[in-house]
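Working notes, beginning with the structure itself.
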Amino acid sequence: MASQLELRLPDGSIRQVAPGTTVYEVAASIGAGLAKAAVAGEIEGEVIEVSRPIEQGGAFRILTARDADALHVLRHSAAHLLAMAVLDLFPGSDLGFGPATDDGFYYDFKTPQPIVEDDLPKIEKRMKEIVKEGRAYARVAYDRAGAKVRLAEVGYDLKVPHVDEIPEDVITFYDSGAFTDMCEGPHVPDTSWIGNIKLLSVSGAYWRGDASGIPMQRVRGTAFFDKKSLKAHLERIEQAKLRDHRKIGREMDLFSLHAEGPGFPFWHPKGTVLWNELEGLLREELMARGYGEVKTPAVLSDELWRTSGHYEHFRDDMYFLDIDERSFAVKPMNCPGCCLIYGSKPHSYKELPLRMAEFGGVHRNEMSGVLHGLLRVRAFTQDDAHVYCTEDQLEAEISDMLDMTRAVYGAVGFDDVKTRLATRPENAMGDPEQWAKAEKALANALDKNGWEGLWVEAPGEGAFYGPKIEVHVTDALGRSWQCGTVQVDFSMPARFGLEYTGRDGQKHTPVMIHRAILGSMERFVGILIEHYAGKFPLWLAPVQAKVLSITEKQSEFAEQVAAQLVAAGIRAEADVRGDKVGSKIRDATLERVPYMLVVGGREAESGQVDVRTRAGDRLGTMDVAGFVAHAREEIAGRS
RNA sequence: GCUGGAGUAGCUCAGCGGUAGAGCACCUCCUUGGUAAGGAGGAGGUCGCGGGUUCAAUCCCCGCCUCCAGCUCCA
C-alpha cells in the first residue's frame, strides 16, 4: 500500500488522502457545500474532473463556478453537448474540433445536410433536453490502436489521422450516454451543469482551417454557470450591435460605402469633421515633437517596390497599373516614398534623428470576404511616421513615440492601453546583436512610459526586418483593438542605400523606425464611433450645438444665434421646422448633438438661449457669449 | 478567395407566380405648441444586375455584383 498523498490547499493547510481518492471525495471531506459546488479539481496546475482519482500530491484546489478556469471547463463540456444534439438531429455527421473559446465555445461539423440558422433553436432545444437527462461525462482511456478502432466504430473519420499527432500514449474519450468524443478533458460532472446556454451562429469553417481542405460548418454558442451572467453576456452582444459603427455612421451621416467601390469608404461632411479633428490633435503633437510633415505620391514605379522588398512579400495585396508601357503600383505602405525623400540629399549625423510624419493614404487589395465597414477596408490613411536615427538614439526616439501614444490616446478617451513587444523571429535578417540592442531599447522605452511590468513579450512575433511594439486599446465594451505600432527596421535604409556622414567623416547607414499611433484613420474613427456609441465628446462632435426654435416666430432669432456660434468657431445648426420643440429635442438627441439651445419668445426677447445637454440636463438660460465661453472651455480641454 | 445567409422607398421591414405595401424620414397645409414623437394630405420604387422558365416573374431556375456571419488575414 502506497503511503498517503499530501494535498496542499489554497489556504495553506495540508490534507492527507489515500491514493485513488477522488476529487469529489476530497471536496466532500472539506464540506458538503463545496462538494456540491465542485466543477473540477486542480492538482499541480492540471485541471481534472471531480470523479478522477488523485494519483499524486501537491498544490490542490477545487474549482467552483467562481473560477475562470471552471468556466472554460463548462464551455468545453457545452461543446460536447452541442455535438450530442447535432448527432441526434443530423445522423451521420462527422465531428471536427470543438473547443471552448474566450467567450463561449464552438464545434465544427461535417453534416449530410447543411445546418441553417433556423436549425439553431432546434439544436438548442435538443441540448436542453440532454441537460435534463443529466448525462455523465465518463472518461475512458485507450491506447493509440484502441483509439483508432473506437473512432472507426462511431464513424468519426476526420479524427483518425489526428490520433498519431497526440503526444500522450494514453488517449482519452468521454462517453455521455451513447455519445462519445475523443477528448483530453476535463469536463463538468454531467450535463445538468450546462443549463445556461445560447447558440449564436452557424457559419463556414474548414477542417483544420485549411481553405483548400474539407469545408465544415461551425456552430458557435456560449455558456455560463448562472442565468444572470448569460443574460448579461447576451445584453453585451446586443449593446455591441447598437453601437455598430456602420449603423451609427448611417444614422449620423458620417460616411457611406458603395458597391462602386467595395472597401473604399466615402467620407461625408460630418464624418470628415471627426477625421480632421483627429488630424489636428496629431499635428499639435507632431509640431511639439520636432516632426516635419511630408506627402508622397500614391502611384510609384514597380522598381521602387522591388527595391523595398514589398514586391516580393506583398505583391498579392498590391494594385498595379501601366503608364506609358511602364509598370507602376499604388502604394500599400508609405515608407519607400519617405526613403526617397531621405535619399534626395546627403545627411549629416547632426540632422539625426530626422523625423518625418505623413498622413499617408495606402491601398491594399484585401480579400473581398474580409471587408468590414471602416474596420477593414482596401484604402486607408495611416498616421505614419518614419524616423531615421542612430542605434544610440533608438531608445530616446521610441520613448518619445510611446509618450506621444499615451498623450493621443488619453486625449481621445482611451485610458486602458496595453502593449506587447514582438521579438526576433526565426527568419530574422541582420545581426542578432543589433536585434538584442533594439529589443532592449524597446523594452526600456516601455518601462519608462508607464508600462513597467505591464507589457507582455511576444517571442518570435517580430517582423523579419526588426522587432516591434504593438499598442492595443480597450474600448467601452472591454474589447481590445490593435492600433499603434512602433517598428525598428534594420533592412530598408540599406536597401535604399541611405546614409549619413558621421562625426568620423565616414558614411553610415541610419536605423529607421516606423510608427503609427492611430494606425488607420478609417479604422480608428470606426473604433471611436463604437467606443462612444456616437456620443462624441464636444471637441469631436460633428454638430456641437443645435438651436431649436419653439415657434416660427423665433426662426430668425434661431438662425442668428446659429450664425453667431459658427462665427465663434462652434459647429452649430438651427432647427426651425414647424414641429413642436419636444419633437426637435427628440431628433437632436437621436442625432447625438451634445448641446441643444432652446429659443422661445422669452429668449428672443432677452437675446438669450436655454441650454440643455444631450443627456437631458438643463444648464439654464444664458446669453450666447456665455454659452460660447462654456463650449470653448470644454472643447479646449477635449473633455 | 471559400462556406452559409441576405439584397423590396432615404431608413427599418411586410408581401413571395397575376406587374408593389406599412411605420419613420421627406414635401405641403392646418396647428404656434416651453424641454424625447400634434394633425391632415402628398410625393417617392426598372423589387441589386443580366439571362432563362412561364400566358404572366419582386416571387421559380442559372450566372454576376454587393452586403452580412464566419474561415483566413490584418491597420
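Chain A is the first sequence line, chain B the second, and so forth, proteins listed ahead of strands; every chain is numbered from 1.
Ring geometry for A/His514 against A/Tyr465 counts as tilted: the plane angle lies between 30° and 60°, on a 0 to 90° scale. The aromatic rings of A/His630 and A/Tyr595 sit perpendicular, their planes meeting at an angle over 60°, well past the 30° parallel limit.
Across the C1' atoms, B/G51 and B/G42 are found 39 Å apart, a figure rounded to whole Å. Straight-line distance between the P atoms of B/G44 and B/G34: roughly 36 Å, to the nearest whole Å. A gap of 15 Å separates the C1' atoms of B/C67 and B/U8, to the nearest Å. Nucleotides B/A20 and B/A43 have their P atoms positioned 16 Å apart, rounded to a whole Å. Nucleotides B/C47 and B/A22 have their C1' atoms positioned 16 Å apart, rounded to a whole Å. B/C59 and B/G21: their C1' atoms are spaced 15 Å apart (whole Å). Nucleotides B/C16 and B/C11 place their P atoms 23 Å apart, quoted to the nearest Å. On the P atoms, B/A6 is 12 Å away from B/A14, given to the nearest whole Å.
Using a 4.0 Å heavy-atom cutoff across all strands shown, A/Arg218 reaches sugar-phosphate atoms only and no base atom. Counting any heavy atom pair closer than 4.0 Å across all strands shown, A/Arg602 reaches a base atom. Across all strands, A/Val370 comes closer than 4.0 Å to base atoms (heavy-atom distances). In this structure, A/Glu522 reaches neither bases nor backbone, as no heavy-atom distance under 4.0 Å exists between it and the strands shown. Among the protein residues, A/Arg378 comes within range of no part of the nucleic acid, since none of its heavy atoms lies under 4.0 Å from any strand. Within 4.0 Å (heavy atoms only), A/Glu603 reaches at least one base atom of the nucleic acid. Using a 4.0 Å heavy-atom distance criterion, A/Val377 is classed as a base contact. Within 4.0 Å (heavy atoms only), A/His258 reaches no atom of the nucleic acid at all. At a threshold of 4.0 angstrom between heavy atoms, the contacts of A/Arg246 are confined to the sugar-phosphate backbone, with no base atom among them. At a threshold of 4.0 angstrom between heavy atoms, the contacts of A/Arg220 are confined to the sugar-phosphate backbone, with no base atom among them. Among the atoms of the strands shown, base atoms are found under 4.0 Å from some heavy atom of A/Gly578. Among the protein residues, A/Leu371 comes within range of the sugar-phosphate backbone only, with heavy atoms under 4.0 Å from sugar or phosphate atoms but none that close to a base. As judged by a 4.0 angstrom heavy-atom cut-off over every strand, A/Gln382 is placed among residues making no nucleic acid contact. Here A/Gly601 lies in heavy-atom contact (under 4.0 Å) with a base.
In this structure B/G23 sits in a base pair with B/C11, meeting the Watson-Crick or G-U test at under 3.5 Å. The nucleotide B/C73 finds no pairing partner, because no Watson-Crick or G-U wobble arrangement with both distances shorter than 3.5 Å includes it.
A/His72 places none of its side-chain heavy atoms less than 4.5 Å from the side chain of A/Arg75.
Considering only side-chain N and O atoms, A/His372 lies under 4.0 angstrom from the phosphate OP1 or OP2 of B/A69. Distances shown here put every side-chain N or O of A/Ser583 at or beyond 4.0 Å from the OP1 or OP2 atom of B/A36. Taking 4.0 angstrom as the limit, A/Thr589 places none of its side-chain polar atoms (N or O) nearer than this to OP1 or OP2 of B/A36. Look at A/Arg577 and you'll find a side-chain N or O under 4.0 angstrom from OP1 or OP2 of B/C26.
Between A/Asp575 atom CG and B/A37 atom C1' the separation is 13 Å, expressed in whole Å. Residue A/Phe524 contributes atom CZ, which lies 17 Å from atom C1' of B/C74 at whole-angstrom precision. In this structure, CG of A/Leu374 is placed 21 Å from P of B/C74, rounded to the nearest angstrom. Spacing between atom CD of A/Glu260 and atom C1' of B/U66 amounts to 10 Å, rounded to whole angstrom units. The CG-P distance, from A/Leu548 to B/G33, rounds to 17 Å in whole Å. When the P atom of B/A75 is taken as reference, atom CZ of A/Arg479 falls 19 Å away, rounded to whole Å. When rounded to the nearest whole Å, the span between CG of A/Leu257 and C1' of B/C68 equals 13 Å. Between A/Leu518 atom CG and B/C74 atom P the separation is 21 Å, expressed in whole Å.
Remark: A/Lys241 engages A/Glu238 in a salt bridge, criterion side-chain N to carboxylate O under 4.0 Å. Between A/Glu366 and A/Arg376 a salt bridge is recorded (basic side-chain N to carboxylate O distance below 4.0 Å).
Looking only at atom types and distance, the side chain of A/Glu552 has no donor-acceptor partner in the side chain of A/Ser549 under 3.5 Å away. Between the side chains of A/Glu470 and A/His472, at least one donor N or O sits under 3.5 Å from an acceptor N or O.
Judged by closest nucleotide on RNA chain B, A/Ile585 is the one of A/Ile585 and A/Ala259 placed further toward the 5' end. Mapped onto RNA chain B by nearest heavy atom, A/Leu375 and A/Met216 fall at different nucleotides, with A/Met216 at the one closer to the 5' end.
Between the A/Asn449 side chain and the A/Ala445 main chain, a donor and an acceptor come within less than 3.5 Å of each other.
Under a cutoff of 6.0 Å and an axis angle of 45°, A/Arg406 and A/Trp451 form a cation-pi pair.
Side-chain to base pairing of A/Arg523 with B/A75: no donor and acceptor N or O lie closer than 3.5 Å to each other.
By the criterion of a centre-to-centre distance under 5.5 Å and near-parallel planes under 30°, the ring of A/Phe380 forms a stack with the base of B/A75.
Candidate nucleotides B/A36, B/C26, B/A75 were compared by shortest atom distance to the side chain of A/Glu366, and B/A75 ranks first.
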